[in-house]
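Every value quoted in this text rests on a predicted model; they were computed, and no experiment measured them. Note that ligands are numbered from 1 as they come in the structure, with each ligand's atoms numbered from 1 the same way.
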Amino acid sequence: MKFNTKVIHGNQQHDPSTGAVMTPIFQTSTFAQSSPGKHKGYEYSRAANPTRTALENAFAAIENGTNGFAFSSGLAATDCVLRLLNPNDEIIAGDDLYGGTYRMFTKLFSKYGLKFTFVDMNNPENVANAITNKTKLIWLETPTNPLLKVADIKAITSIANKNNIMSVVDNTFATPYIQKPLDMGATIVMHSATKYLGGHSDVVMGALMVKDKELAEKIHFIQFAGGAIAGPMDSFLALRGVKTLAIRMQRHCENGMQVAQFLANHPKVATVYYPGLKSHINYKIAKKQMADFGGMLSFKLKDDSQTAAFKLLENLEVFTLAESLGGVESLANHPSTMTHASIPEPERLKIGITESLIRLSVGIEDITDLIGDLKRVLEMI
Ligand SMILES: *Cc1c(COP(=O)(O)O)cnc(C)c1O
């Protein structure tokens with residue numbers, strides 16, 4: 001089955017009890033038993049719920065995994081992965097992770113005896129050099145937020161596999177429309193399904209996908225015992241979202257490229273960060289491992305001031321100034337005061353998150369309106 005078909009039909013069946021074409025919202029906490037322990041596969045919705053099962057099957061299908069899991073948020077999915085580990089285990093992670101992932105690693109799990117080493121994943125050798133006999137997990141996010149750095153998934157997961165280390169790829173920005181990390185050697189794929197998988201900015205959810213039944217059992221146990229599950233209504237919304245993932249991503253990528261090219265040629269713009277532009281530092285690896293380049297991009301103004309950035313952001317009409325990304329509507333964000341405000345200023349400037357850096361989640365609106373909006377506000381500064 002091709003990807004365009006898989007997003008709609010992958011591992012799906014019509015509701016066996018009624019023939020309903022779309023899996024209904026089974027808004028129930030518990031299921032009747034005919035005799036103690038005798039039931040139709042469902043007992044209690046923390047363990048499993050048919051709407052969530054349908055979504056989890058879709059998650060598995062789109063990432064070419066054997067099993068998928070739906071959590072109450074992206075971070076709940078990350079939390080589940082870390083619970084596979086034991087005190088004194090070591091984790092190697094990229095040095096410009098999603099801020100919430102970094103916060104969970106350093107503020108929540110460090111105190112339970114997990115040790116995190118952060119390396120620049122642009123060079124896979126940095127990963128190899130950081131491995132010790134206690135390393136149990138490599139955490140990779142590509143492209144990164146907000147500067148869209150791209151790391152070589154095959155090179156890094158093959159280092160992990162040679163050393164019998166699990167590898168996780170946070171595939172939130174790219175989605176399986178663009179890259180399928182399990183096929184490239186990763187042990188686990190993680191998503192904030194809040195973003196492109198859900199796709200409509202109406203749900204907070206996380207996903208894990210694996211291709212190994214034994215690991216799937218361990219994850220299911222943690223999901224059940226830890227309790228951070230996705231509810232039936234949210235599962236229904238995300239399942240509806242997944243069905244249009246391919247067609248949405250096609251438009252996100254087309255619009256993303258056009259907006260990137262428009263900005264790159266604008267006299268008031270200093271730099272555009274988009275992996276599909278030849279000027280991007282990781283263009284070569286991006287071109288090799290990504291089927292397309294997505295709808296996320298960032299840019300800096302020649303006037304690298306907060307005043308200029310704020311004026312631009314306050315006057316946008318089609319783009320909405322808001323955190324988050326991956327929905328059908330275009331969003332703009334000011335990393336240094338919004339999504340990345342918790343990073344201390346010197347550190348932030350060192351990474352390249354300067355005062356005028358603006359991150360765009362390019363939606364699926366008409367490209368003329370998107371470019372028109374940006375053109376108008378750029379003329380105002
Ligand atoms: C949003 C996001 C997360 C966290 O997901 P939530 O659903 O907000 O908990 C993790 N990784 C990336 C890349 C994200 O963009």
Side-chain angles (χ1 to χ4, degrees), residues 55 59 63 68-83 91 93-109 116 118 121 137-151 153 167-179 181 186 188-209 223 226-231 234-235 237-238 241-242 249 252 256 273 275 290 294-298 322-327 331-333 335 338-343 351 353 359-363:
L55 174 66
F59 280 166
E63 286 284 8
F69 299 90
F71 293 87
S72 53
S73 70
L75 286 178
T78 300
D79 176 279
C80 174
V81 172
L82 293 176
R83 285 172 200 274
I91 298 98
D95 64 359
D96 67 350
L97 294 177
Y98 173 74
T101 308
Y102 180 78
R103 184 174 54 210
M104 176 176 283
F105 287 3
T106 54
K107 296 258 166 40
L108 291 185
F109 277 92
F116 298 89
F118 299 96
M121 296 247 172
L137 186 76
I138 293 173
W139 189 280
L140 173 59
E141 186 182 317
T142 178
T144 63
N145 180 19
L147 295 174
L148 288 300
K149 280 163 60 180
V150 178
I153 299 175
S167 56
V168 185
V169 175
D170 180 338
N171 204 24
T172 300
F173 269 39
T175 84
Y177 177 82
I178 288 176
Q179 64 195 18
I188 302 176
V189 169
M190 176 263 157
H191 277 270
S192 169
T194 313
K195 316 296 168 51
Y196 287 106
L197 299 192
H200 296 74
S201 307
D202 52 9
V203 134
V204 174
M205 188 184 285
L208 295 179
M209 295 81 161
Q223 185 194 37
I229 49 148
D234 285 354
S235 296
L237 288 170
V242 166
M249 286 309 294
H252 281 298
Y273 301 88
M290 299 169 77
M296 294 303 299
L297 62 93
S298 295
E323 294 188 4
S324 199
L325 59 108
L331 302 180
N333 160 49
M338 293 168 66
T339 47
H340 295 67
S342 62
I343 309 174
I351 317 171
I353 305 177
R359 187 189 79 185
L360 300 180
S361 172
V362 181

N/O donor to acceptor pairs below 3.5 angstrom from side-chain atoms of residues 94-104, sequence neighbours left out:
{"from": "Asp96", "atom 1": "OD2", "to": "Thr144", "atom 2": "OG1", "distance (Å)": "3.2"}

Show the nearest heavy-atom pair for residues Pro143 and Ala174, with the distance to one decimal.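 Here Pro143 and Ala174 meet closest at CD-CB, 4.0 Å.
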If every non-hydrogen atom of Glu323 is compared with every non-hydrogen atom of Leu331, which pair is closest and at what distance?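 Looks like O-CD1, 3.6 Å.
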Please identify which of these residues, Phe118, Phe105, Phe109, Phe116, meets the ring-ring contact (aromatic ring centres under 6.0 Å, His included) condition with Trp139.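 Of all the options given, the one that passes is Phe105.
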Dump the pairs for me: ligand 1 N or O, protein N or O, distance under 3.5 Å, to 0.1 Å.
{"from": "ligand 1", "atom 1": "5 (O)", "to": "Ser192", "atom 2": "OG", "distance (Å)": "3.0"}
{"from": "ligand 1", "atom 1": "7 (O)", "to": "Gly74", "atom 2": "N", "distance (Å)": "2.9"}
{"from": "ligand 1", "atom 1": "7 (O)", "to": "Ser192", "atom 2": "OG", "distance (Å)": "2.8"}
{"from": "ligand 1", "atom 1": "7 (O)", "to": "Thr194", "atom 2": "OG1", "distance (Å)": "2.6"}
{"from": "ligand 1", "atom 1": "9 (O)", "to": "Gly74", "atom 2": "N", "distance (Å)": "3.0"}
{"from": "ligand 1", "atom 1": "9 (O)", "to": "Leu75", "atom 2": "N", "distance (Å)": "2.9"}
{"from": "ligand 1", "atom 1": "11 (N)", "to": "Asp170", "atom 2": "OD2", "distance (Å)": "2.7"}
{"from": "ligand 1", "atom 1": "15 (O)", "to": "Lys195", "atom 2": "NZ", "distance (Å)": "2.7"}

Could you go step by step and tell me if Leu82 and Leu137 meet the side-chain contact (heavy atoms from CB on, under 4.5 Å) rule? CA-CA 9 Å; Leu82 293 176; Leu137 186 76; 4.2 Å; yes
Determine whether a donor-acceptor pair (N or O, by modelled atom type, separation under 3.5 Å) exists between the side chain of His252 and the backbone of Val362.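 It does hold such a pair.
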